[in-house]
Structures are given as structure tokens and as C-alpha cells.
Protein chains: 2
Amino acid sequence: MNDMLLTPGTAEYVAAEIERAIHEHRLPPGSKLGEDELAEVYGISRTIVRAALQGLSHRHLVELKRNRGAFVAQPTVREAREVFEARALLEPRTARSACERMTPEGLALLRAHIEAEHAAVHAGESGRAVYLSGQFHVEIARIADQATIEAFISELVSRSALIIALYWQRRAALCESHAHHALMSAFETGDADMAEDLMKSHLLDLVTSLDLRNRASFPGTLREALGQ
Amino acid sequence: MNDMLLTPGTAEYVAAEIERAIHEHRLPPGSKLGEDELAEVYGISRTIVRAALQGLSHRHLVELKRNRGAFVAQPTVREAREVFEARALLEPRTARSACERMTPEGLALLRAHIEAEHAAVHAGESGRAVYLSGQFHVEIARIADQATIEAFISELVSRSALIIALYWQRRAALCESHAHHALMSAFETGDADMAEDLMKSHLLDLVTSLDLRNRASFPGTLREALGQ
DNA sequence: CGAAACAGGATTGTATACGAAAATGTGTGA
DNA sequence: TCACACATTTTCGTATACAATCCTGTTTCG
């Protein structure tokens, strides 16, 4: 899709790489992100790595523990609720704006995006599928031409990928494609009311597909992996 | 009010200091933030200063120009609109939540806050008045018990301070105190609908009190300070 | 045998040194 | 006198060195 045009060796590049790895579930929540290790992987010094990690921690994708290092974040149940609460405030009306300002190019972009989602699901690349289905929401914000809101949604979507990794309960393949298709037809017919409603219910579907009653259903810090 | 309990010498401390200075209009938009200078002021190395500046740039309060240094951001008209658009999405419903979850302590806090605003205005400390009137909105998000949304609003409020510095047209003293008082009575009576409506119109009042037709009405880069 | 103390190793936190880029100041030639 | 080229200076970008902290494995003592 939108393959970063960042020059390698910069903090932004490294941060984007790590963020995508998190988003695609190649780096599960709690993973240690050693500075020396990353520095060697990308052929740079720790200075750049640290800048990248600090940036990611501002987006709540990485937790920085003093004198302990950086770890992929593990959103709590509470944070998970908050993230989707924020998305519920931002995204429906952004979908409406996007619908109102939709262009032929925008429609083509979204269609291609959905196509790529399908391809990823079909190819069994579930990580990439999660990434793409998240980016779909970011693309909508971009079409709405709201850079500020887009940045917020981008962060929330990335955090959602972590939340999904921790709390997803349905083992069924991503059924979201249906919701995204429905949104597409709203965009195609220019029905802004419907776009807003569909986005609202889509987000609601997402939260209800999570198991937010108990604590993280994932390794955690190994303390909770063994029942306290 | 809420006087940071950060240990001096850390990046967070320095960032908070600079952010407050920006918020209180002691550092006008476009100000150069030299690394060596800041390092000397706070008695630390450039390493820490750079971490602080990078953090502030993620909040869009500082613009980092490659090989040129850090400058206090100068939001464009477009960014200004976007910021208030985002606030319009987040804050009214957050005010509603705050109203629904209001506690006696929360009410006391807000009352004290408004009192401090009055005192600052009365003492002619307009910078501090701007800061406090912004923090009022952050406190509401805190009472709503939504840390994620609070972080977003905090950023938006700080950016609003820059927007006010650039585009404020009414020379009259801050008339917002009225709006904040009205919100207070909604909170006191527990009228959530009214709280939401009042916040919505308060934000609308704020934008209409700005002059967002022309380009920055402030120094800019010194090129526009002298009529091109 | 178990617990606490200690030493070794590994990793992060901070400062500093050095190279690179840009802005500024100076001098020369038309 | 003005414009252009060159030298100087300042400031930023990155790497690296060193100190501080934490974790782990061992030892020692009760």
C-alpha cells in the first residue's frame, strides 16, 4: 500500500519498522526491545534507536521502564476500553466527513485497500491482514483531510492491534471485511449518514468481539502466565 | 494548581517547563530553542534537551527543522481549524462523561481552578490566565476518567494556546470565565445534556473569536513581519 | 538446606567528542 | 558599489565512552 518513503538509518524509519512489526503481530506484547540488538540490526548507533523508542513510547506502543529497557506495550483492560471509547468519539464523524469529501481517487484507493485485505486473508497472512484492516481506518481519516485527527486515529489503530493481540476471542477469520465492504458502498453512494452509522456499529462490533472481562489473556510478564 | 512532581534534570521535566512557557505565552511562536542554551539553563547535557525537544515535537508544540534546530511551532490557519475540529469531537461528550461521574472532590477542584483563573486575570497575569483556562478543559477530561482522551485534549489545549497567540483578535479580557462558570453550574446540578451543549458552544465561541481568514497575524519568520 | 550477601556480567543513562551542515562574515573582482 | 566566492563560526547530527543500575549466579553463614 503506502510503503513509507523514509530514508533508512533515521529514527523515523526505525520507529516505523518497529511499529509495523508490532501492528502485524510479529512482535507480541511484552517483547523486549534491546537497544544494542536493534542498533546492530539496523546498522546504527544506540542514539538513533533510543530516539525511535522514545517516539514509540509517546504513542503508547512501547513501554519504557527506567534502567530496564523498552518493551512492547501491554494495554490493560482499562486502556483497551479507553482506546475504543476514543475511537467511538473520533471515527464515526470522521467517516461522515470522508464521505462528504470523497473523490474518485479516494474511492479507488479504498477499493484497492479492501482488495489487498482480501488477498492477505486469502494468503493466510493474518498479521498483514490485521495491519491492513487497521490502515483502512487511517485512510478514511486521510480522505477526510483531517491531519490532526488522522494522527490520533493512527495511534489508536496501532494500539488496537496490541489490544487485539491480547484480548481477541473469536478465532474465526477476520469478519471485518463485511463491515468494510458496507462502508465502501456508503461511500460509493455518498450516504454520509449511513457511513457514520456503519462506522459506529463497526467499532461496537470490534469491542464486543474482545474479551475485556479478565486480565490479559496473553503471556504478560510471565508472572501472570503462571497464575500469579 | 497541579504543580508537576517531576524530578529536575529529566527530559520530562525540561519538556514540561518548556511546554508551560509556551502555554503561558512566554515563548512566542517561532522562538528558537537552541540546544546548547537550554542545556546550560537546566544544567544538563544536550542529550536530555534533545529528548525533551523530540517529545515536544511529537505533540506539535515544537517544530524540528533538520540541521536548523528547534522552534516553537506556528500553527497554520488550517492546523488551527483542525485542532478545534478535533476538540469539537472530543470535548463535548467528555464533558458529559465528567458530569455523569462527577464527585464532590471533582467539583471542589474545578471551583478552585476557576478561582485561580479569576485571580490570574485580576493580577494581570494574562499568560497564566491563558494557561489555567486551558487546563480547565484538561481537568474535565481527567474527571471523566479517560486517560487516553485526556492526553489528546491536553495536546490540543496546548496547541490552542499557540493558536490563540497567533490568531486571537478580541483584545477584550478573557471572557471565557463566563463559559466556565456556566459549565460549573451544569456540573453542580448534574445536568449532563447541558454540560455537553455548553462545552460545544464554548468551543464554537472560541473559534469565532479567532481571525482565521488570513495568514498568521504574528511575526512569522520575519519575512512576513516586514510585508514580504 | 535455605536465606542473605556479594561479585560478575550485561544493559541502560548520560555526557562528551567529533564530523557535517548551515548561517554569517570577509574579501576580491568587475 | 555590488555581487559573488571563500573562509569562519556556530549549531546540529551521530557515534562512542564511561558511569550507574539491575539482573544473575555464586558463595557464605546460620
Side-chain angles (χ1 to χ4, degrees), chain A residues 4-18 27 30-74 219-226, chain B residues 4-18 27 29-74 219-226 228:
Chain A
M4 14 219 84
L5 28 78
L6 292 170
T7 55
T10 66
E12 296 77 36
Y13 178 86
V14 174
E17 285 287 312
I18 296 173
L27 280 174
S31 303
K32 175 76 190 289
L33 299 172
E35 297 183 358
D36 281 319
E37 193 176 346
L38 289 169
E40 194 174 5
V41 166
Y42 293 104
I44 52 183
S45 79
R46 280 176 50 220
T47 306
I48 312 290
V49 172
R50 284 177 71 83
L53 292 175
Q54 283 170 5
L56 290 171
S57 86
H58 286 128
R59 306 195 67 183
H60 301 273
L61 297 180
V62 158
E63 194 178 350
L64 256 38
K65 302 186 182 178
R66 170 130 191 139
N67 286 323
R68 303 279 307 282
F71 302 83
V72 176
Q74 304 184 93
T221 49
L222 190 11
R223 171 167 302 180
E224 27 201 340
L226 312 173
Chain B
M4 14 220 83
L5 30 77
L6 293 171
T7 55
T10 65
E12 295 77 35
Y13 178 86
V14 174
E17 286 286 313
I18 296 173
L27 279 174
S31 302
K32 176 79 190 290
L33 300 171
E35 296 181 358
D36 283 317
E37 193 176 346
L38 289 169
E40 194 175 4
V41 166
Y42 293 104
I44 53 183
S45 78
R46 281 176 48 219
T47 306
I48 312 291
V49 172
R50 283 178 71 83
L53 291 174
Q54 282 171 6
L56 290 171
S57 85
H58 287 128
R59 307 195 67 186
H60 301 272
L61 297 179
V62 158
E63 194 178 351
L64 257 39
K65 303 185 183 180
R66 170 127 192 144
N67 287 322
R68 303 280 305 280
F71 302 82
V72 176
Q74 303 185 91
T221 50
L222 189 8
R223 173 166 303 182
E224 24 202 341
L226 311 174
Q228 206 183 114

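In what follows, every heavy atom counts, from backbone to side chain, and hydrogens, waters and symmetry copies are set aside. Proteins get letters first, then strands, A, B, ... in listed order; numbering begins at 1 in each.
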If you round to the nearest 0.5 Å, how far is [atom2] of [Y] from [atom1] of [X]?
X: A:Leu61; Y: A:Leu27; atom1: CG; atom2: CG; result: 11.0 Å
X: B:Glu35; Y: B:Ile48; atom1: CD; atom2: CD1; result: 12.0 Å
X: B:Leu38; Y: B:Arg46; atom1: CG; atom2: CZ; result: 11.0 Å
X: B:Arg68; Y: B:Glu63; atom1: CZ; atom2: CD; result: 10.0 Å

- Message: How many whole angstroms separate atom CG of B:Leu64 from atom P of D:dT11?
- Response: 16 Å
- Note on the structure: Between A:Leu56 and the options A:Leu33, A:Val72, A:Val62, the side-chain contact (heavy atoms from CB on, under 4.5 Å) test singles out A:Val62
- Go along nucleotides 11-17 of chain C 5' to 3' and tag each nucleotide: B for a protein heavy atom under 4.0 Å from its base, S when only backbone or sugar atoms are that close, - otherwise. SBBBBBB
